[in-house]
Amino acid sequence: MARQRSTAPRLLLVEGKDDEHVVKHLYTEAVGPIDFEIERMGGVDQVGEEIDAHTKVPDRTALAVVVDANSDMGSRWQSIRGGLARAGIDTPPELPLGGALIEQTRGGQPTVGVWLMPDNENGGEIEDFVAGLISGDDVVWPLACDYIDRIPDEERPRKLSKARVHAWLAARAEGAPMGGAIGQGKFDLECDAAHRFSVWLRGVFS
C-alpha cells in the first residue's frame, strides 16, 4: 500500500517516534511557535527514498529532514543529497555545521533543510544530541553512565549513548521519556547544541 503523505505546506520528516517527540518538545520550549507538521518515515532509508516525492507535493513551501548520522555521517549526507538531486535541488558537497538550509528561488520548489543528529559533524544519533543537553552539574548523569559502563562487555548495549540516556531518564523520579523530560525542564536549552538546532529549525520554517 502506498504511503499517505502529508500535504502540509511546511513539513518535517523524521525517522521515528523518539525523534518526533524530542523535536516537538524542543521547539515548544526553546524555539517558540512555528507552524509545521511532523511525519514519521519509519527509518532513514525511507527518508532517502521518498524525499524527492515530498519536495513535489503541491503548495509545499518548506521541507526539513532530521535523521541520525549513525556511524558514517558522510555517507548519510550523500544519501540525502542523492534524494534531493533527483528533485533537482542542489546541495553543498559538505554538510554545514549549522545544518543545511537551501532556499529555493525556482518556482514550485520548497525551501529545504537537513540536520544530521547529533551535530552535523560527528557520527551518532538523537540520544547523543539529547546527552549534550544535560547540564554539566547534573548529579544523576555520571551515575547513569557509570552503571552502563560497568555492564560486562558481552552484555553491554551496542549503542552506549542510547543506553546511558535511557538509564539517566529511568533513574529520575519522574521517569519521563526524552521528549517529556524536555517539557519538564530537565535539560539545558540555553546550551550551544540546543541553540544551533533552534536557529536551524527557525530558519527552515520562518
Side-chain angles (χ1 to χ4, degrees), residues 1-70 73 75-92 95-96 98-120 125-127 129-130 176-183 189 194 196-206:
M1 180 181 296
R3 175 187 290 273
Q4 185 70 32
R5 297 188 183 94
S6 170
T7 59
R10 299 175 177 183
L11 183 68
L12 170 63
L13 303 180
V14 298
E15 295 184 59
K17 178 175 66 175
D18 284 343
D19 312 80
E20 177 185 7
H21 290 169
V22 167
V23 173
K24 273 185 176 179
H25 283 88
L26 189 59
Y27 80 73
T28 298
E29 298 295 328
V31 182
I34 304 178
D35 182 22
F36 67 95
E37 289 188 7
I38 302 177
E39 183 173 328
R40 300 182 205 166
M41 301 299 292
V44 68
D45 291 338
Q46 288 79 6
V47 175
E49 291 169 3
E50 297 194 33
I51 192 170
D52 175 12
H54 276 283
T55 66
K56 294 180 170 63
V57 170
D59 300 320
R60 176 144 294 154
T61 59
L63 178 70
V65 175
V66 173
V67 295
D68 292 340
N70 291 337
M73 198 211 71
S75 175
R76 182 72 70 227
W77 172 232
Q78 294 310 316
S79 174
I80 298 298
R81 285 189 76 206
L84 292 172
R86 291 192 292 275
I89 295 175
D90 295 328
T91 53
L95 179 63
L101 177 56
I102 302 104
E103 296 186 70
Q104 299 301 322
T105 57
R106 192 180 306 171
Q109 286 188 328
T111 291
V112 172
V114 180
W115 185 282
L116 297 188
M117 288 290 178
D119 57 7
N120 302 309
E125 52 199 346
I126 194 165
E127 283 83 5
F129 174 80
V130 169
M178 288 190 293
I182 292 174
L189 301 185
R196 285 173 54 201
F197 184 81
S198 299
V199 167
W200 169 81
L201 193 66
R202 190 181 296 113
V204 178
F205 291 121
S206 62

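Predicted, not measured: the structure shown is a model, and the values here were computed from it.
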K.L.:
Report the residues that fulfil side-chain contact (heavy atoms from CB on, under 4.5 Å) with R86, sequence neighbours left out, ordered by chain and then residue number.
P.N.:
D52

K.L.:
List the residues meeting side-chain hydrogen bond (donor to acceptor under 3.5 Å, both in side chains) with T55, not counting sequence neighbours, and say none if there are none.
P.N.:
none

K.L.:
Which residues pass the side-chain hydrogen bond (donor to acceptor under 3.5 Å, both in side chains) test with D18, not counting sequence neighbours?
P.N.:
none

K.L.:
How would you list, by chain and number, every residue that makes a side-chain contact (heavy atoms from CB on, under 4.5 Å) with A100, sequence neighbours excluded?
P.N.:
W77, L95, P96, I102, V114

K.L.:
Please check this pair: side chain of S79 against backbone of S75, looking for a donor-acceptor N/O pair closer than 3.5 Å.
P.N.:
no

K.L.:
Could you pull out the closest heavy-atom pair between A62 and P110, with the gap in Å?
P.N.:
N-CB, 3.7 Å

K.L.:
Does the side chain of V47 come within less than 4.5 Å of V65's, by heavy atoms?
P.N.:
yes

K.L.:
Measure the shortest side-chain to side-chain distance between F197 and L26 over non-hydrogen atoms and say whether it is less than 4.5 angstrom.
P.N.:
yes

K.L.:
Side-chain contact, heavy-atom cut-off 4.5 Å: V112 with L101?
P.N.:
no

K.L.:
What's the spacing between M73 CE and Q78 CD if we round to 0.5 Å?
P.N.:
9.0 Å

K.L.:
Between side-chain atoms of residues 9-16 and protein atoms elsewhere (two or more places apart, or another chain), which donor-acceptor pairs fall under 3.5 Å?
P.N.:
unit_1	atom_1	unit_2	atom_2	d
R10	NH1	F205	O	2.7
E15	OE1	V44	N	3.4
E15	OE2	D68	N	2.7

K.L.:
Please list, chain by chain and in numerical order, all residues satisfying side-chain hydrogen bond (donor to acceptor under 3.5 Å, both in side chains) with S6, sequence neighbours excluded.
P.N.:
E37

K.L.:
Is there side-chain contact between I51 and L84, with at least one heavy-atom pair below 4.5 Å?
P.N.:
yes

K.L.:
With R60, which residues qualify under side-chain hydrogen bond (donor to acceptor under 3.5 Å, both in side chains), at least two apart?
P.N.:
H54

K.L.:
Evaluate the ring planes of H21 and H25, with Trp represented by its six-membered ring, and classify them as parallel (under 30°), tilted (30 to 60°) or perpendicular (over 60°).
P.N.:
perpendicular

K.L.:
Using the salt bridge (charged side-chain N to carboxylate O under 4.0 Å, His left out) criterion, which residues pair with K24? Sequence neighbours excluded.
P.N.:
E20

K.L.:
List the steps and the verdict of side chain to side chain contact (heavy atoms under 4.5 Å, CB included) for E50 and R5.
P.N.:
CA-CA 10 Å; E50 297 194 33; R5 297 188 183 94; 3.4 Å; yes

K.L.:
Is it true that, when you exclude K17 itself, more than 12 heavy atoms of the residues, nucleotides or ligands shown sit nearer than 6.0 Å to its NZ?
P.N.:
no

K.L.:
For E125 versus M117, what's the shortest heavy-atom pair and its separation?
P.N.:
C-CB, 3.9 Å

K.L.:
From L189 CG over to S198 OG, what is the distance, rounded to the nearest 0.5 angstrom?
P.N.:
7.5 Å

K.L.:
Does the side chain of F36 reach to within under 4.5 Å of the side chain of V204, using non-hydrogen atoms?
P.N.:
no

K.L.:
When rounded to the nearest 0.5 angstrom, what is the spacing between CG in D19 and CE in M41?
P.N.:
12.5 Å

K.L.:
Main chain of T61, side chain of Q109: is a donor-acceptor contact present, judged purely on distance under 3.5 Å?
P.N.:
no

K.L.:
Is there side-chain contact between N120 and W200, with heavy atoms separated by less than 4.5 Å?
P.N.:
no

K.L.:
Please test W115 against R196 for side chain to side chain contact (heavy atoms under 4.5 Å, CB included), starting from the C-alpha separation and ending with a verdict.
P.N.:
CA-CA 10 Å; W115 185 282; R196 285 173 54 201; 4.0 Å; yes

